[in-house]
Amino acid sequence: MSHKKIVLLDGSSLAFRAFFSILDLERFKNKDGLHTNALFSFNRMLENILDQFQPTHILVAFDQPGPTFRTKQFEEYKGNRQKTPSEFKEQLPYFRVLLDGYGIQYYDMADYEADDIIGTLSRQADSDDEVIVISGDKDLTQLATDNVTVYITRKGVSELEAYTPEVIREKFDLEPLQIIEMKGLMGDSSDNYPGITRIGEKTALKLLHQFNTVAEMYDRLDELKPSKMKENIINDKANALMSRDLAEIITNVPLEKNLEDIAYKGKQTDLLMDFYRQMQFNSFLTQLQAQTGLEAEAEEVPADLPLYQVIEVDQVQADHLPDRAALYIEMLEENYHMGQVIGLVWQDLDSHEIYLADWDQAIQSPAFKAWLADASNQKILFDSKRDQVILANAGLDLAGIDFDIMIANYLIDTHLAKELADMLTNNDMPSLVKYDEAVYGKGAKQAVPDSAELNDHLANKVKAMGLLVEPLTQQLKDLHMWDLYQTIEMPLARVLARMEIQGVKVDAQILADKNQALLERLAQMEAEIYDLAGEEFNINSVKQLGVILFEKLELPIIKKTKTGYSTAADVLEKLADKHPIIPAILEYRQISKLQGTYLAGLPTYIKEDGKIHSRFVQTLTQTGRLSSADPNLQNIPARIEEGRRIRQAFVPAHEGWQLFGADYSQIELRVLAHIAQDQHMIAAFKSGEDIHEATARRVFGLDPDTVIDANLRRQAKAVNFGIVYGISDYGLSNNLNIPRKHAKAFIENYFEKYPDIHQFMEDIVAEAKEKGYVETLFKRRRYLPDIDASNFNIRSFAERTAMNSPIQGTAADIIKIAMVRIQDALDEKGLQSRLLLSVHDEVILEGPAEEMEVLSDLVPDIMESCVELDVPLKVEYNQANDWYELK
DNA sequence: GCTTTCACG
DNA sequence: ACGTACGTGAAAGCT
């Protein structure tokens with residue numbers, strides 16, 4: 001027999017370590033709600049191990065549940081183990097599926113633990129075989145010999161520490177087998193067996209250096225001088241001998257497997273791909289696909305798929321263009337305002353002919369242009385907003401948008417992955433599309449493949465799109481979201497496309513001037529801070545700043561982050577009077593943020609038309625809000641005057657035009673009052689009084705005509721906010737800077753005065769637990785799989801989310817409806833005015849000054865009346881020459 | 001790529 | 001005992 005390389009893994013120990021090495025239970029979950037963190041980490045570990053050791057033989061040993069010979073010997077053995085988290089337990093069966101995919105044998109055995117299986121196999125190896133034992137449990141180091149190296153995981157599971165006999169000699173001055181004796185003396189708290197009273201590692205080592213083994217120690221007890229320790233040794237003799245036996249790994253278990261049985265077969269690609277798909281391990285799947293090519297994929301495609309015919313066209317002509325098509329435009333850049341089209345493809349959904357066309361040629365083709373713009377030609381699109389923008393930038397109109405795969409997929413479940421490859425898997429369809437990353441690569445290595453591979457990939461995409469329309473439609477209908485999809489999100493996509501294409505005019509000179517001024521101020525402040533610190537350092541480096549503040553200047557440490565000292569603003573504010581450097585840093589941070597993010601950041605997005613074209617991302621947030629990116633125009637400074645002046649740079653597109661802004665007042669609290677049907681809050685809104693003052697009166701039991709001072713109002717406002725966020729005493733105490741008990745009393749009192757709100761909060765959490773999701777007034781769903789988590793923090797977070805999402809989400813529904821109505825009204829009245837921005841509870845338009853009066857009548861009215869609630873919706877509005885002057 | 005900080009509603 | 005207010009995106013430093 002030739003030289004073998006045998007890897008023996010302690011599966012039970014490693015799986016458990018894997019679970020704790022990635023504790024992001026929110027993210028590591030597949031579409032069935034199964035947690036996957038331990039499987040993911042274990043998979044990564046396997047990859048590393050196979051790569052590092054290149055085994056010829058490999059086995060993963062598991063503990064079997066139930067009693068072992070050790071528990072028979074000592075009933076309490078491992079008796080103190082806390083309950084295994086359910087999030088871990090549910091993953092256990094899948095380790096075997098994973099190992100099947102890897103072609104790795106696994107084994108467990110009644111009465112014995114994984115260590116014993118490993119111990120036995122390690123002794124069956126020939127002396128010229130190399131045996132590698134891997135575990136998270138240091139007890140296994142007793143197995144080390146000249147040809148057995150024991151590796152123990154470190155730092156979660158990312159590093160392996162090698163224990164050879166030499167290492168053990170160096171570390172402890174012990175032979176590997178004496179590890180057993182050491183355990184006998186010390187016991188093991190995690191396995192719950194006792195050692196000798198008051199003997200720890202130090203004393204145990206000393207005794208073993210003198211006596212070698214536990215048995216010998218008791219034989220030669222007279223060599224020990226009388227002492228408390230000696231008494232303990234004598235009293236605990238039974239424990240020591242028993243524990244020594246418990247710690248000893250059995251090396252002659254009657255196994256039904258031998259070394260020949262555990263030869264490594266290599267990955268079973270199909271099985272492993274299926275497993276990755278089921279677990280949604282996209283990166284591993286991509287890797288595997290890249291390693292193995294497409295062949296494995298092709299076999300899986302069942303025969304009942306349509307018969308596709310792929311046609312490459314040089315000149316797009318009318319007979320290439322069907323009545324019903326799935327159309328896809330490929331671009332690698334995420335920011336489609338700036339990107340380069342690399343492919344164009346469509347499928348005739350009746351004949352299943354797939355057309356691949358040259359983009360530059362197609363956009364010149366009159367037939368293609370006419371077809372795109374003709375609403376009677378139905379188009380299935382992947383991301384209709386993106387397509388509209390790309391086509392508009394090429395001067396083409398897009399009409400006849402029949403279906404948007406991305407929006408449908410997002411509404412069905414906001415967590416779902418956004419690639420076609422995933423969508424096929426989620427809908428139990430053949431995986432005929434690769435991941436983009438497998439085709440294009442990522443980061444610096446991203447590139448367009450040769451045209452054969454590109455065309456193949458694109459053709460597969462429109463095949464997938466054709467297959468997905470029906471199941472997605474059906475699910476939207478089943479989940480009662482067809483209305484939301486059809487009457488809110490789809491029309492909104494068109495509105496947003498127009499806003500993005502329109503863009504907002506920005507005066508680059510204003511930004512440049514302010515930038516210059518702030519750069520000069522920053523330089524001055526920098527010098528001042530160096531002076532106060534007594535040395536120069538990088539103020540932007542949290543690490544360096546931490547050293548200056550908390551080590552050199554010895555300021556009190558209020559909060560730590562997982563990497564060091566926290567220097568966040570709320571921490572620094574508490575230190576403000578301790579040292580003059582603190583206010584200086586706070587100011588520096590503020591100015592530096594304005595300068596870096598806005599004054600330096602924004603101009604890079606101004607296009608040749610003098611405008612910024614942000615992207616409003618419609619399929620991202622968990623609540624239904626929009627987000628804004630490249631750049632984010634939803635976080636332009638507003639709260640602090642100096643920052644707010646940056647808005648002066650945002651101006652109307654034309655001379656003689658103005659901006660028009662309209663925002664909902666207290667929309668989230670109004671939504672809450674309506675959903676919770678709280679009569680007190682509804683009455684307050686109906687009366688038109690200031691809601692925070694009304695809250696203060698009610699909560700503090702004051703007369704209706706009492707004047708509420710600013711501080712009282714501020715507290716009531718904070719509580720109102722807290723209610724909307726899914727309140728906790730901890731959060732409120734932090735926000736108001738008051739003791740937690742105080743905050744708790746506050747909340748209890750609030751709930752007493754607003755019992756319907758309290759009832760709603762309890763009901764919505766109960767509903768989330770029962771159904772697994774919450775929904776908005778318009779049936780938008782958010783699944784909350786963590787609502788039953790065993791971890792307090794994770795569960796609490798899900799509970800607060802259950803309270804907040806229907807509120808935030810309904811408010812988002814309402815403004816979306818309003819936007820669609822506003823756009824319709826503008827079109828209908830033939831106004832030149834147009835929507836530019838939407839910032840959660842406000843919209844901004846621009847138009848000729850003459851139209852401002854029309855807008856003042858039209859826009860607030862639409863916003864207030866587009867949805868009928870049991871509380872009035874109130875809108876404030878304004879017109880001005882720049883965004884700063886607006887409201 | 002991850003972490004921290006900070007801008008917005 | 002646990003230790004977070006809800007929802008986002010961008011910049012900068014660090015590894």
Side-chain angles (χ1 to χ4, degrees), chain A residues 24 283 334 414 442-443 537-546 559-572 585-586 588-602 604-605 614-617 620-640 642-644 646-647 663-668 672 718-736 740 743 747 782 789-809 811-812 815 837-843:
Chain A
D24 191 345
S283 54
E334 203 184 1
T414 53
K442 69 166 173 180
F537 65 102
N538 185 347
I539 308 171
N540 292 317
S541 161
V542 175
K543 205 174 163 197
Q544 292 181 39
L545 180 63
K559 199 164 83 180
K560 285 197 151 201
T561 66
K562 56 180 144 183
T563 53
Y565 314 111
S566 172
T567 67
D570 61 325
V571 170
L572 295 187
I585 284 165
L586 280 167
Y588 178 89
R589 281 254 179 94
Q590 215 174 72
I591 301 303
S592 162
K593 177 82 179 176
L594 296 180
Q595 190 275 324
T597 304
Y598 301 104
L599 298 175
L602 287 175
T604 62
Y605 292 98
S614 175
R615 288 184 301 128
F616 291 100
V617 187
L620 184 142
T621 70
Q622 299 304 305
T623 55
R625 274 189 177 180
L626 299 172
S627 87
S628 159
D630 305 322
N632 182 356
L633 293 183
Q634 291 180 325
N635 72 347
I636 305 299
R639 293 171 187 171
I640 293 164
E642 168 141 42
R644 192 182 179 90
I646 290 173
R647 295 180 171 220
D663 66 283
Y664 282 110
S665 155
Q666 305 298 347
I667 189 166
E668 293 194 342
L672 170 62
V719 180
N720 275 335
F721 265 88
I723 293 290
V724 167
Y725 291 155
I727 198 146
S728 76
D729 50 7
Y730 191 86
L732 183 66
S733 78
N734 248 349
N735 189 282
L736 279 177
R740 205 169 78 225
I747 295 164
R782 178 173 188 178
S790 59
N791 179 302
F792 173 88
N793 280 326
I794 294 172
R795 188 177 62 252
S796 303
F797 185 37
E799 288 170 356
R800 290 195 299 276
T801 310
M803 302 183 227
N804 171 264
S805 288
I807 302 170
Q808 192 182 112
I815 194 162
L837 300 172
S838 158
V839 195
H840 309 309
D841 62 357
E842 64 176 313
V843 290

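As the structure is a computational prediction, the values presented were derived from the model and not from experiment. Keep in mind that the numbers below use all heavy atoms, side chains included, and drop hydrogens, waters and symmetry copies. Per chain, numbering begins at 1; letters A, B, ... match sequence-line order.
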Taking A/Q808 for the side chain and A/E668 for the main chain, is one N or O donor matched with an acceptor at less than 3.5 Å? no

For the side chain of A/K593, counting heavy atoms from C-beta on, which of B/dA7, C/dC6, C/dC2 is nearest? B/dA7

Residue met sooner reading DNA chain C from 5', once A/T597 and A/V724 are mapped to nucleotides: A/V724

Nearest listed nucleotide, side chain of A/D841, among B/dG9, C/dC14, C/dA5: B/dG9

Report yes if a side-chain nitrogen or oxygen of A/R782 is closer than 4.0 Å to either non-bridging phosphate oxygen (OP1 or OP2) of C/dG7; otherwise report no. yes

Between A/R625 and C/dG7, does any side-chain N or O lie under 4.0 Å from OP1 or OP2? no

To the closest 0.5 Å, what do you measure between OG (A/S541) and CD1 (A/I539)? 10.5 Å

Determine: side-chain N/O of A/R589 to OP1/OP2 of B/dC6, distance under 4.0 Å, yes or no. yes

Go through C/dG3, C/dA5, C/dC6 for me and flag the one nearest to the A/F721 side chain. C/dA5

Name the closest nucleotide to the A/Q590 side chain, picking from B/dA7, B/dG9, B/dT5. B/dA7

Of the listed nucleotides (C/dG3, C/dA5, B/dG9), which one gets closest to any side-chain atom of A/E842? B/dG9

State the pairing partner of B/dG1; accept Watson-Crick or G-U wobble contacts with both distances under 3.5 Å, and report none otherwise. C/dC14

Which of residues 629-639 of chain A have a heavy atom under 4.0 Å from DNA chain B? A/Q634, A/N635, A/I636, A/P637, A/A638, A/R639

If I pick the P atom on B/dT5 and the same atom on C/dT4, what distance separates them, to the nearest angstrom? 14 Å

Should A/S628 be listed as having a side-chain N or O under 4.0 Å from OP1 or OP2 of B/dC8? no

Using the P atom as the point on both nucleotides, what is the distance between B/dC8 and C/dG3, in whole Å? 30 Å

Would you confirm whether A/R625, through its side chain, and A/H840, through its main-chain N or O, come within 3.5 Å as a donor-acceptor pair? no

Residue A/Q622, side-chain heavy atoms: nucleotide from B/dC6, C/dT8, C/dG3 that is nearest: C/dT8

Contact class for A/S796 vs. all strands (heavy atom < 4.0 Å): base, sugar-phosphate, or nothing? nothing

Could you tell me whether the phosphate oxygens of C/dG9, OP1 or OP2, come under 4.0 Å of any side-chain nitrogen or oxygen in A/S627? yes

Under 4.0 Å, counting only non-hydrogen atoms across every strand here, what does A/R615 touch: a base, just sugar-phosphate, or nothing? nothing

Under the ring-ring contact (aromatic ring centres under 6.0 Å, His included) rule, collect the residues that match up with A/Y565, sequence neighbours excluded. A/F550

Under 4.0 Å: is that the gap between some side-chain N or O of A/S592 and OP1 or OP2 of C/dA11? no

Are any side-chain N or O atoms of A/N804 and backbone N or O atoms of A/V724, one a donor and one an acceptor, separated by less than 3.5 Å? yes

Within the structure, does a side-chain N or O atom of A/S566 lie under 4.0 Å from either OP1 or OP2 of B/dT4? no

Any side-chain N or O of A/K562 below 4.0 angstrom from OP1/OP2 of B/dT3? yes

So, is A/T561 near the phosphate of B/dT4, with a side-chain N or O under 4.0 Å from OP1 or OP2? yes

Side-chain donor or acceptor of A/T623 paired with backbone N/O of A/G809 under 3.5 Å: no

Any side-chain heavy atom of A/N635 within less than 4.5 Å of one from A/Y598? yes

Considering every strand and a 4.0 Å limit on heavy-atom distances, what is the contact class for A/T623: base, sugar-phosphate, or nothing? sugar-phosphate

Determine: side-chain N/O of A/S541 to OP1/OP2 of C/dC14, distance under 4.0 Å, yes or no. yes

Heavy-atom side-chain proximity of A/T801 to A/Q622 below 4.5 angstrom: no

Counting only side-chain N and O atoms of A/K543, is one of them less than 4.0 Å from OP1 or OP2 of C/dT15? yes

Less than 4.0 Å between a side-chain N and a carboxylate O, is that true for A/E642 and A/K593? no

Does A/F792 lie flat on the base of C/dC2, that is, centres under 5.5 Å apart and planes under 30° off? no

Given C/dA5, C/dG13, B/dA7, the nucleotide with the shortest approach to the side chain of A/I727: C/dA5

Base, sugar-phosphate, or nothing for A/V839, non-hydrogen atoms under 4.0 angstrom? sugar-phosphate

